[in-house]
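Following: one structure in structure tokens, then a few remarks.
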Amino acid sequence: MDTKSTVFVAGHRGLVGSALVRMLKNKGYENILLKSRDELDLLDQAAVNYFFQQNKIDYVIIAAAKVGGILYNSRCQADFLYENLVIAATLINAAANNGVRKLLYLGSSCIYPKLAEQPLKEEYLLTGPLEPTNEGYAIAKIAGLKLCEKYNMQYGKCFISAMPTNLYGPGDNFHPENSHVIPGMMRRFHFATLRNDPEVVVWGTGSPRREFLHVDDLAEGLHVLMQRYHDPQVINIGSGEDIPIKDLAYLMKDITGYKGEIVFDTTKPDGTPRKVMDVSKIKALDWKPDYSLEEGLRSTYEWVLENKIFENDDEKDYRRLRRGEIRL
Ligand code: GDP
């Protein structure tokens, strides 16, 4: 892949897609192809085929996905399974039939069995039952990565899959209920600080451990994979280090300047007890993250403040959710 190649980033408006576009532009890529949801419905195979026929696409990175935190994921499993399955199927099939030279598909660390040995090695895939709160999402992602592997085996296509750990950074979804832990917590600590609330609620027991990676570090890693990784076997990408949710909460307290107490809402699910990746494969390709978790969280919070992410947000969605006027 070089700066003249035509690269289609599917899902460029999301957390990962927007970081990929930033990274490619910084490196001088001139032909980045982007389509919004209104312009191209990734659930429509005929429309996707037509798009690939009309554009000579050299490289595809699939960052498009329906994603969400533990509550959203567990409550809307049919949507997560259906949409992610179809997005993978349409794009991978169209790429295979239209001369794409290389495709990178993104999965997630939740594809590994709930109680797999830690750190999670790539070969633990399909060795045990999945975490029930994200089974629909995980099954779709497993189907997508297997599709890449099978196109590789049957047709010799260079379609590869990377499994990122929990991601965060600029462009994340900061919704009060359907976001992941970092943006969800950042939002609650932010408002609690402004309102001088005596306590902030953190979901679950605080004991689950999670690994986090800044999305700009991910984008650099994916560039390395586009250049140097050709194996059909999935490859993990993460920091290789995890922390308990409780410690993350205290870090967030410090970063947002919150002065009150932290309380744990144990009626909310914990999810899988631990999810930390073995990242020796990608480290062998000479990649490692630049951001420490603390630096990454501080710079993400600065981005949130600079971009006034919460400024026009009077939490009306949240109130409507509480009143039952809208459903997730
Ligand atoms: P997961 O890795 O699929 O479980 O995704 P999440 O990022 O949604 O949740 C990670 C862990 O953080 C879970 O144990 C949650 O219960 C916990 N958690 C604590 N506070 C929050 C919050 O405000 N939002 C979310 N999404 N999770 C939280």
Side-chain angles (χ1 to χ4, degrees), residues 15-16 65-77 80-81 84 106-116 118-120 130-141 163-169 172-193 197 199-215 236 238-239 241-253 255-256 258 261-277 293 296-297 300-301 304 310 315 317-318 321-322 328:
L15 172 67
V16 174
K66 183 173 182 70
V67 293
I70 192 163
L71 272 194
Y72 189 27
N73 222 306
S74 58
R75 288 176 183 169
C76 304
Q77 300 230 19
F80 277 80
L81 177 50
N84 289 307
L106 287 174
S108 152
S109 56
C110 71
I111 59 156
Y112 293 111
K114 176 183 172 87
L115 298 176
Q118 306 281 326
L120 297 159
L130 297 164
E131 158 59 36
T133 55
N134 54 36
E135 191 190 58
Y137 178 73
I139 294 274
K141 288 290 175 185
M163 301 303 120
T165 190
N166 293 36
L167 302 168
Y168 70 96
D172 212 338
N173 165 15
F174 291 85
H175 189 276
E177 294 225 326
N178 68 17
S179 57
H180 283 103
V181 59
I182 287 183
M185 260 192 199
M186 196 173 274
R187 178 196 177 98
R188 272 207 308 284
F189 276 88
H190 173 84
F191 282 111
T193 310
D197 287 348
E199 33 183 62
V200 162
V201 174
V202 168
W203 297 356
T205 58
S207 62
R209 299 177 69 96
R210 292 288 183 275
E211 174 192 11
F212 299 101
L213 183 68
H214 190 284
V215 73
N236 291 340
S239 62
E241 291 167 10
D242 62 347
I243 68 161
I245 294 300
K246 189 176 190 173
D247 293 9
L248 177 72
Y250 281 98
L251 202 50
M252 200 64 86
K253 175 175 170 166
I255 286 165
T256 54
Y258 177 65
E261 297 297 314
I262 295 175
V263 294
F264 292 89
D265 174 2
T266 53
T267 64
K268 294 282 196 306
D270 267 348
T272 200
R274 195 170 178 209
K275 232 180 354 175
V276 62
M277 303 271 220
L293 180 60
L297 290 177
T300 303
Y301 192 50
V304 161
F310 299 137
E315 295 195 303
D317 270 3
Y318 186 61
L321 265 167
R322 285 270 170 261
L328 291 174

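Below, all heavy atoms of this structure are taken into account, side chains as well, without hydrogens, waters or symmetry copies. Keep in mind that this is a model prediction, so the values were computed, not measured. Just so you know, ligand 1 is whichever comes first in the structure, and atom 1 is the first atom listed for that ligand.
- Between G204 and ligand 1, no N or O atom pair is found at a separation short of 3.5 Å.
- Side chains of N173 and Y72: no donor on one and acceptor on the other come within 3.5 Å.
- Neither the backbone nor the side chain of C110 has a heavy atom within less than 4.0 Å of ligand 1.
- Protein heavy atom closest to atom 11 (C) of ligand 1, with residue, atom name and distance, is I245 CD1, 3.7 Å.
- For P273 against L115, the heavy-atom pair with the smallest separation is CG-CD2, 4.1 Å.
- Of all atoms in ligand 1, listed by their number and element, those nearer than 4.0 Å to a heavy atom of G69 are 8 (O).
- Scanning the protein heavy atoms around atom 17 (C) of ligand 1, the nearest turns out to be W203 O, 3.8 Å.
- Counting only N and O atoms by type, the side chains of T133 and E131 include a donor and acceptor under 3.5 Å apart.
- For K268, the heavy-atom gap to ligand 1 stays at 4.0 angstrom or more.
- How far CZ of R210 is from CD1 of I243: 11.5 Å, rounded to the nearest 0.5 Å.
- Proximity of E131 to ligand 1 is not established, as no heavy-atom distance is less than 4.0 Å.
- Nearest approach of L130 to A138, heavy atoms of both residues: CD1-CB, 4.1 Å.
- For ligand 1 and V202, the ligand atoms under 4.0 Å from any heavy atom of the residue are 19 (C), 20 (N).
- Regarding atom 7 (O) of ligand 1, its nearest protein heavy-atom neighbour is V181 N, 2.9 Å.
- The protein heavy atom nearest to atom 13 (C) of ligand 1 is D270 O, 3.4 Å.
- Minimum heavy-atom separation, F310 to H190: CD1-CD2, 3.3 Å.
- Ligand 1 has no nitrogen or oxygen under 3.5 angstrom from a nitrogen or oxygen of G184.
- The distance criterion of under 3.5 Å between nitrogen or oxygen atoms is met by P269 with respect to ligand 1.
- Considering D172, L106, L213 in turn, L213 is the only one that fulfils the side chain to side chain contact (heavy atoms under 4.5 Å, CB included) rule with L167.
- Here the closest non-hydrogen pair linking F264 and G204 is CB-O, 3.3 Å.
- Residue, atom and distance of the protein heavy atom nearest to atom 5 (O) of ligand 1 are H180 CD2, 3.8 Å.
- A side chain to side chain donor-acceptor pair (under 3.5 Å) with D242 is found for exactly one of Q118, R274, K275, namely R274.
- Distance check: R188 CZ to Y258 OH gives 11.0 Å after rounding to the nearest 0.5 Å.
- Of the protein's heavy atoms, R210 NH2, 2.9 Å lies nearest to atom 4 (O) of ligand 1.
- If you look at I182 next to ligand 1, there are no close heavy atoms at all, none under 4.0 Å.
- Counting protein heavy atoms only, atom 23 (O) of ligand 1 is closest to R188 NH2, 2.7 Å.
- The CD atom of E177 sits 10.0 Å away from the CZ atom of R187 when rounded to the nearest 0.5 Å.
- Listed by number with element, the atoms of ligand 1 under 4.0 angstrom from any heavy atom of P208 are 14 (O).
- The protein heavy atom nearest to atom 3 (O) of ligand 1 is K275 NZ, 3.6 Å.
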